[in-house]
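For reference, the structure is listed below as structure tokens.
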Amino acid sequence: MLTRTQWGFIALIVAGVLAPHLGVYPTFLMKCWCLALFACAFNLLLGYTGLLSFGHAAFIGAAGYIAGYSIKAWGLSPELGILAGTAFAGVLGYLFGSLAIRRAGIYFAMITLALAQMLYFVWLQMKFTGGEDGLQGVPRGKLFGVIDLADTLNLYYFVFAIFIVGFLLIYRTIHSPFGQVLKSIRENEPRAISLGYDVDKYKLLAFVLSAALAGLAGATKTVVFQLASLTDAHWHTSGEVVLMTLLGGLGTVFGPVVGAFVVVGLQNQLADKVGSWVQVIMGAIFVVCVLAFRRGIVGEWMTLFSRKR
Amino acid sequence: MPLQSEFILETCELTKAFKGFVAVSSVNLKVKRGSIHALIGPNGAGKTTTFNLLTKFLAPTSGTITFNGADITSEKPAEIARRGIVRSFQISATFPHLTVLENVRIGLQRELGTSFHFWKSEKSLEQLNGRAMELLESVDLASFAKTVTVELPYGRKRALEIATTLALDPELMLLDEPTQGMGHEDVGRVVDLIRKVSANRTILMVEHNLGVVADLSDTITVLARGAVLAEGPYSEVSKNPLVLEAYVGSEQQ
Ligand SMILES: Nc1ncnc2c1ncn2[C@@H]1O[C@H](COP(=O)(O)OP(=O)(O)OP(=O)(O)O)[C@@H](O)[C@H]1O
Ligand SMILES: [Mg+2]
């Protein structure tokens, strides 16, 4: 007998493999997978550790620049460029985390926001980022020197594979001895301390993992769009990932994936029709979500499902 | 083996002031190894604050704390726990959305040394299930092992808290009002449990139920307005006019 999660995972794989053959635009899908990974990484922190970071744009943005620059200027292969971006985001996560983790609640969120804003202005000032224009024309290159990523389907399956690897790593983290401690910190921090856990160290590791995986998403996104821009580093992105995670279902395995698809899908659909009203509509969805269905799409669905049985 | 002193825990002039308000004032506490020591006093006397000081959830304004001969005044709360001083909380402290079994396992898993291993399966924790079930059995919770903790009745949660504390096999256990908010039957069960687990450890407990205190404790320290008012066995303390006055006085307020 397969568990619900295993069924969900199989459905995810099948959908991911088939989707580009069912008439869905690969570029749209790739954007969704990148942001889904971003949201899953964020969920590891908020949903399973109870830490609200309002600076996650920093990681997705920074990794995009580093990957883009190392591929374009140093001629790194795409896989190495993505690794470089991911590693940079991890180091950045360590720095941000070390500064923010001593604080709790809203102070933690404010420090992460402030640090991310500082970094945003660094990117804006630095030459190599191309400022407002962004770092353009990042070549896609050949994966492992063989697979040509200029081919859209090759690129698509590469991106999907990265998502799956990131997703599985997060899943494993949640269901590991470390994940158990994270959950105990989320549930009752003083109690975890009184049982001898140095909670700050656990939070820091969770923060670094989350930042690195957010970076993996950002670096991959840069390869897809051949562009690293200020948009990803902007605080809007930090807000968007909160929305995706809450809308899909905080602290659920699949919630952030669903949330990312819904948000990116809506933005795509609405952008041509209502222009800048998109922001307002997203805001309204956020409010409805927080007021009316707190558990998010996947969370509500799961409660419904378990009640029926 | 070094010669162990008679007292496992001593405080010297322990004081805590909150912005000028002195909640704990020059407390000299000596807890005898292997005893059950009760800390009592009217509401607001500073009992919980004392616990917070002993476990370093609060930093003392002045004074020192010695555990097994070592000065632990400047250690961090998690370090204190690893030394063998484990506390419970006045309001039940469990991990509500984990199962009862998982709650106890959190207490057990640190010693495996894999608590940072995010790449390992949580199945690796199943080797602890036997010990966890034993602990649950000792508090009559074995049949609830798979229950999500939030669904337990209050009395059971307190029992689970004790089981989780016992998972660390602490040398010194601090219990903050273990019977608070419990029905009569539950109180009896917790008293039996405390007596049972006190066999090879020291217990310092805050307790309002004087019946429980009289029943269990070897020594009683009475706190009032942050200071020690009296100390001794129940038979002595309960006759002390100062103590009676403090209790009656606080009741009239
Ligand atoms: N963090 C704090 N800041 C300011 N005052 C505090 C703080 N914690 C406790 N106090 C005050 O210190 C005094 C002692 O509180 P404490 O909680 O130790 O009492 P207690 O003896 O445990 O009482 P109870 O029987 O009600 O649990 C109270 O007057 C309380 O208001
Ligand atoms: Mg108290």
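Chain naming here is simple, since letters A, B, ... match the order of the sequence lines and numbering starts at 1 in each.
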For this session: Looking only at non-hydrogen atoms, find the nearest pair between A:Gly97 and A:Leu204 and report the distance.
Result: C-CD1, 3.6 Å
For this session: Among the options A:Leu209, A:Leu182, A:Leu169, pick out the one with the most heavy-atom pairs lying under 4.5 Å from chain B.
Result: A:Leu209
Exercise. At their closest point, which heavy atom of A:Ala58 faces which heavy atom of A:Ala116, and how far apart are they?
Worked result: CB-CB, 3.8 Å
For this session: Give a yes or no answer on whether the side chain of B:Thr202 reaches the backbone of B:Leu172 with a donor-acceptor pair at less than 3.5 Å.
Result: no
Problem set entry | Close aromatic pair by centroid cut-off 6.0 Å: B:Phe89 and B:Phe57 | yes
Problem set entry | Interchain contact, A:Ile193 with chain B, by part (heavy-atom threshold 4.5 Å) | both
Problem set entry | Nearest non-hydrogen partners of B:Thr64 and B:Thr73, listed with the distance | CA-OG1, 3.4 Å
Exercise. Is chain A contacted by the side chain of B:Ile106, its backbone, both, or neither, given a heavy-atom distance below 4.5 Å?
Worked result: both
Seminar exercise, completed: Here the pair of heavy atoms bringing B:Ile72 nearest to B:Leu54 is CD1-O, 4.4 Å
Exercise. Chain A heavy atoms under 4.5 Å from B:Leu125: which part of the residue, side chain, backbone, both or neither?
Worked result: side chain
Just list the donor-acceptor pairs under 3.5 angstrom between chain B and chain A, please.
| residue | atom | partner | partner atom | Å |
| --- | --- | --- | --- | --- |
| B:Arg82 | NH1 | A:Gly196 | O | 2.8 |
| B:Arg82 | NH1 | A:Asp198 | OD2 | 3.1 |
| B:Arg82 | NH2 | A:Asp198 | OD2 | 3.2 |
| B:Arg87 | O | A:Arg191 | NH1 | 2.8 |
| B:Thr94 | O | A:Asn188 | ND2 | 3.3 |
| B:His97 | N | A:Glu187 | OE1 | 2.4 |
| B:His97 | ND1 | A:Glu187 | OE1 | 3.4 |
| B:His97 | ND1 | A:Glu187 | OE2 | 3.3 |
| B:Ile106 | O | A:Tyr197 | OH | 2.6 |
| B:Gln109 | NE2 | A:Pro177 | O | 3.0 |
| B:Arg110 | N | A:Tyr197 | OH | 3.4 |
| B:Arg110 | NE | A:Leu195 | O | 3.2 |
| B:Arg110 | NH2 | A:Leu195 | O | 3.4 |
| B:Trp119 | O | A:Arg172 | NH1 | 2.8 |
| B:Glu122 | N | A:His175 | O | 2.8 |
| B:Glu161 | O | A:Arg191 | NH2 | 3.1 |
| B:Thr165 | OG1 | A:Arg191 | NH2 | 2.8 |

Exercise. Which region of B:Phe116, side chain (C-beta onward) or backbone (N, CA, C, O), has a non-hydrogen atom less than 4.5 Å from a non-hydrogen atom of chain A, or is it both or neither?
Worked result: both
Exercise. Taking the six-membered ring for Trp, is the centroid-to-centroid distance between A:Phe59 and A:Phe42 below 6.0 Å?
Worked result: no
Problem set entry | Minimal non-hydrogen separation, A:Cys40 against A:Val257, with atom names | SG-CG2, 3.7 Å
